[in-house]
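Since this is a predicted model, take the numbers as computed values, not measurements.
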Amino acid sequence: MGAKMNSYLMSEDARGQADFYIGSLGGEIQFLSTFAETPGIPEAMKDKVMHLALTVAGANTLMISDSFEPVAYNRSICLSLNYDDESEARTVYSKLSEGGESKFPLALQPWGAYYGEVVDKFGVTWMITKQ
């Protein structure tokens, strides 16, 4: 018996973050529900995203929800994308870098792979590798 693991991000702007990832990685929203579907939710929260699932960078599922609290990401958790094509890896690295911070430029590493690391404009750290 086993389980499938998916990344689930808490966000201050789930829709905007999802749109950014779709534009950067390709993909589409598979499911979106709002807090309006929950009884007793305050009016100000009804348009907020309770659960959003999107497919990105091929067949990868990424989930996002608006948070009731301020969101603070840290670099102890990263999302990693591995590509077979250097051009595709560079394009994704560039798009995820827009409005964010390049931590390590995508470059050939001593172990023989291309590797780069970026913190996107939402604070999520991405590790991009081309084997």
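Without hydrogens or angle criteria, T129 side chain to Q131 main chain gives no donor-acceptor distance under 3.5 Å.
Under the 4.5 Å side-chain heavy-atom criterion for ILVMFWY residues, no single connected hydrophobic cluster contains both M50 and L9. Under the 4.5 Å side-chain contact rule for hydrophobic residues, V118 and Y115 do not share a cluster. W126 and V119 are not part of a single hydrophobic cluster, where members link through side-chain heavy atoms under 4.5 Å apart. Criterion: ILVMFWY side-chain heavy atoms under 4.5 Å apart, direct or through other members. Under it, L52 and L79 are part of a common hydrophobic cluster. Taking hydrophobic clusters as Ile, Leu, Val, Met, Phe, Trp and Tyr residues chained together by side-chain heavy-atom distances below 4.5 Å, V49 does not share a cluster with M45.
Salt-bridge check for K46 with E37: failed, with every basic side-chain N at 4.0 Å or more from each acidic carboxylate O.
Considering only heavy atoms from C-beta on, R90 comes within 4.5 Å of L106 through its side chain. Using a 4.5 Å heavy-atom cutoff, the side chains of H51 and M63 are in contact. Contact annotation: the side chain of T125 never approaches that of K103 to less than 4.5 Å [non-hydrogen atoms, C-beta and beyond]. Considering only heavy atoms from C-beta on, Q109 stays 4.5 Å or farther from Y114 through its side chain. With a 4.5 Å cut-off on side-chain heavy atoms, V92 and I128 count as touching. Using a 4.5 Å heavy-atom threshold, the side chains of S65 and Y8 count as touching. Between E12 and D66, every side-chain heavy-atom pair lies at or beyond the 4.5 Å cut-off.
At most 12 non-hydrogen atoms from other residues, nucleotides or ligands lie less than 6.0 angstrom from NZ of K48. The environment of CG in N74 is crowded: more than 12 heavy-atom neighbours from other residues, nucleotides or ligands sit within 6.0 Å.
Between I64 and A14, the closest heavy-atom pair is CG2-CB, 3.5 Å.
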side-chain contact (heavy atoms from CB on, under 4.5 Å) evaluation trace for E69 with M10: CA-CA 9 Å; E69 300 174 359; M10 301 308 292; over 6 Å; no
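Looking at S11 and D13, their side chains never bring a donor and an acceptor atom within 3.5 Å of each other.
Within the structure, the ring-ring contact (aromatic ring centres under 6.0 Å, His included) test picks out the following pairs touching residues 64-105 (sequence neighbours left out): F35-F68.
To the nearest 0.5 Å, atoms CG (L96) and CD (E101) are separated by 14.0 Å.
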Per-pair distances, 0.1 Å, donor-acceptor, side chain in residues 20-30, under 3.5 Å, sequence neighbours excluded:
| unit_1 | atom_1 | unit_2 | atom_2 | d |
| --- | --- | --- | --- | --- |
| Y21 | OH | Q17 | NE2 | 3.0 |
| Y21 | OH | D120 | OD2 | 2.5 |
| S24 | OG | F20 | O | 2.9 |
| Q30 | NE2 | T55 | OG1 | 3.3 |

